[in-house]
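Working notes, structure below.
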2 protein chains.
Amino acid sequence: MTVAEETGNSPRTRPVLPDVIVREAIRLFGEKSYPVVGMRDLSKAVGVQPGSLYAHISSKEALLMLIVEQGITNYIEAISAAIATDDRADVRLRAGIRAHMRVLAGTTEQTKVTFGQWHYLGPENRSRVLVLRQQYEDLFLTVAQDGIRSGVLRPVPHLKATLLGIIGGLNFAAEWYSPTKSDSPEGIADAIADVLLYGLTAPAGNHSA
Amino acid sequence: MTVAEETGNSPRTRPVLPDVIVREAIRLFGEKSYPVVGMRDLSKAVGVQPGSLYAHISSKEALLMLIVEQGITNYIEAISAAIATDDRADVRLRAGIRAHMRVLAGTTEQTKVTFGQWHYLGPENRSRVLVLRQQYEDLFLTVAQDGIRSGVLRPVPHLKATLLGIIGGLNFAAEWYSPTKSDSPEGIADAIADVLLYGLTAPAGNHSA
DNA sequence: CCTACCGATCGGTAGG
DNA sequence: CCTACCGATCGGTAGG
C-alpha cells in the first residue's frame, strides 16, 4: 500500500501519480526539452486526452519539479553513501565518482533534465533546487578538502573551479553515454578517476620526442 | 566597407544584419534560452516592432544558427592557432585549454547558447553544426593522441570518454565563470591543466593520515 | 521600419 | 478520464 493509497479516503486527495506520466515526461523532456514539449505531446505518449493529465498533476511545472528534485536526490543519496567510509580521501573520491556514473548510467534521460533544465522552473522551485544542487556539489568539495587536509591530495589553486569542472565533465556524460556499448559505468568512472588522481602525464623518462 | 555593403546594389540583397539584433539575441537566448524567448521579447530589446525584425533576418532559427555557428568557429580558430606549434604535446594541450578559457571568458553568453542550445535547430542546421562540433572535439583528440604516440602522455583507457569529460568540464565554466572575480581565464585554465597533467594526488610520503 | 493581422498552438479549466 | 473550450501568445506576413 502506497502513501497515496493510505490517504485515499481523506478529502480532495489527488490520486497516485501514474508512473507512465512521469516516465513519458522524462523521456520527452530529455529528448526534446521542457519548453518545446507540449502537454498535448505528453498526453499522446501517455494515451489520454490533454485535459485528463490535470487529474494527476497540478501543472506542467510541477511535473518538471518532481523530475528534477527526484533526479538530484538520486545523486545526493548514492554519492553520500559511497563516500561515507573510513577510507582515504582519494579512495572516497573515486567511490563518489563511481557512484555518480552508476546513477547516470541508470537514469541518463532524467539526468539531462535534472542538470540541464532546472532553469525553466519558476523562482520558488528554482531556489529550492539550488539548495539541493549546492548539497550535491558540497559532497565532492568536502572529500577534496579532507584529502588536502590529510595530505593525500595536494592543495590546488582554484579548487572550487576545478571541482566544478569535474562535476561538469561527469554530468556531460549524460549527453554521450550509451549503455549499449561495452563500457561499464565503473570502467569509465575509474578512467576518469585515474586521470584526476594521477594525471595524463606519462612516468618520466620514456618520451620518444 | 563590409561584405554586405559591397554587394548592396545586387538584387534582393538583405541589408547588413545590425549588431544590436545579434547582441540582444545572444543575451536573451543565453539568459532565458531560445524557445522561451519570443520575437516580441527580442524586438523590445532591440527597440523596433516585432515584424520589423524580419527585414533583417529570415527566421528565428536562422538567428540561432548564426550565433551557434559563429560561436563554435570562435573556438575552432582560437584553439587551432594555439596548438599549431612545435611544442611538446603536454604544452600544446595546456595552450589549447588556455585558448578555450580565453574565448569562453570573452563570449560567455554566446558559449552557453553555442554548446547548450544547438539542439533547438532543425535537422539540416543541426547536422551542419555537428560537423563543426566534431572538428572542435578532434582538436583535443589529436593533441592527446600525439602526446600518447610520442610518449609524453600515458595511454589512457577510454580516451574518448576522458576527453569528452574534459570538454564538458571546460564548457561548464560558461555557467559559473564571472569576469568580475580576480580569477583570470589563464589562471583557471592553468589550474585545470595542472590537474589534468599531474593529477590531484600529493607527492608521495607527506600524508598526515 | 510600422500597422495590422494570420492561423496555429500553448497551458489550463468547466462540467460532466 | 472525456468533450469542449478559454484567453494568451507564438512565428511570421501583407502592404505600405
Side-chain angles (χ1 to χ4, degrees), chain A residues 4-5 8 11-29 31-68 113 117-126, chain B residues 4-5 8 12-26 28-29 31-68 113 117-126:
Chain A
E5 280 166 341
R12 308 287 117 189
T13 305
R14 211 176 282 280
V16 188
L17 210 181
D19 276 352
V20 64
I21 293 181
V22 180
R23 212 169 43 233
E24 293 301 309
I26 288 172
R27 192 176 61 78
L28 289 168
F29 293 169
E31 274 174 14
K32 311 204 275 193
S33 100
Y34 178 75
V36 307
V37 173
M39 295 308 276
R40 284 155 184 81
D41 299 319
L42 180 57
S43 76
K44 216 167 291 172
V46 170
V48 296
Q49 295 300 313
S52 304
L53 291 171
Y54 289 88
H56 303 284
I57 60 167
S58 59
S59 69
K60 192 188 176 192
E61 180 178 338
L63 188 53
L64 175 62
M65 183 58 176
L66 183 92
I67 293 167
V68 169
V113 180
Q117 298 178 29
W118 57 266
H119 60 270
Y120 294 121
L121 292 166
E124 192 173 329
N125 281 328
R126 185 161 52 225
Chain B
E5 280 166 341
R12 307 286 116 189
T13 305
R14 211 176 282 282
V16 188
L17 209 180
D19 276 352
V20 64
I21 293 180
V22 179
R23 213 170 42 234
E24 293 301 309
I26 288 172
L28 288 168
F29 293 169
E31 275 174 12
K32 310 204 273 193
S33 100
Y34 178 76
V36 308
V37 173
M39 296 307 276
R40 284 155 183 83
D41 299 319
L42 180 57
S43 77
K44 217 166 290 174
V46 170
V48 295
Q49 295 300 315
S52 305
L53 292 170
Y54 289 88
H56 304 285
I57 61 166
S58 59
S59 68
K60 190 188 177 193
E61 180 179 339
L63 188 53
L64 175 62
M65 183 59 176
L66 184 93
I67 293 168
V68 170
V113 179
Q117 297 178 30
W118 57 265
H119 61 268
Y120 294 121
L121 293 166
E124 193 172 330
N125 281 328
R126 185 161 52 222

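Just so we're on the same page: letters track the sequence lines, and every chain starts at 1.
For B:L42 and D:dG12, the CG to C1' distance is 14 Å, given to the nearest whole Å. Here C:dG11 presents its P atom at 14 Å from OH of A:Y120, a figure rounded to the nearest Å. To the nearest angstrom, P of C:dG11 lies 12 Å from NZ of A:K44. Separating the CD atom of A:E61 from the P atom of C:dG11 is a distance of 13 Å, rounded to the nearest angstrom. At whole-Å resolution of the value, NZ in B:K60 and P in D:dT9 are 15 Å apart. Rounded to whole Å, atom C1' of D:dG11 lies 16 Å from atom CG of B:L28. What separates CG of B:L53 from P of D:dT13 is a distance of 13 Å, to the nearest Å. Between the C1' atom of C:dC10 and the CG atom of A:L63 lies a distance of 16 Å, rounded to the nearest Å.
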Just the table, please: protein N/O against nucleotides 1-5 of chain D N/O, every pair under 3.5 Å.
residue : atom : partner : partner atom : Å
D:dC1   : OP2  : A:H56   : NE2          : 3.3
D:dC2   : OP2  : A:Q49   : N            : 2.6
D:dC2   : OP2  : A:S52   : OG           : 2.8

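For the residue pair B:Y120 and A:S33, a side-chain donor N or O sits within less than 3.5 Å of a side-chain acceptor on the partner.
Inter-residue side-chain proximity for B:V113 and B:Y34 is flagged as unmet; no heavy-atom pair is nearer than 4.5 Å. A:L66 is listed as a side-chain neighbour of A:L17, based on a closest heavy-atom distance under 4.5 Å. Under the 4.5 Å side-chain criterion, counting only non-hydrogen atoms from C-beta, A:N125 is in contact with A:E61. Side-chain contact check for B:M39 versus B:Y54: some heavy-atom pair is nearer than 4.5 Å. B:L42 has its side chain within reach of B:L63: a pair of non-hydrogen atoms, C-beta onward, lies under 4.5 Å apart.
Taking a pair as Watson-Crick or G-U wobble with both distances under 3.5 Å, the runs of three or more consecutive pairs in DNA chain C are C:1-16 with D:1-16.
An OP1 or OP2 oxygen of D:dT13 is reached within less than 4.0 angstrom by no side-chain nitrogen or oxygen of B:Y54.
The distance from atom CD of A:Q49 to atom CZ of A:R40, rounded to the nearest 0.5 Å, is 10.5 Å. The distance from the CG atom of A:L28 to the NZ atom of A:K44 is 11.0 Å, given to the nearest 0.5 Å. Rounded to the nearest 0.5 Å, atoms OG (B:S59) and CG (B:L53) are 12.0 Å apart.
Here B:V37 lies in heavy-atom contact (under 4.0 Å) with sugar-phosphate atoms only.
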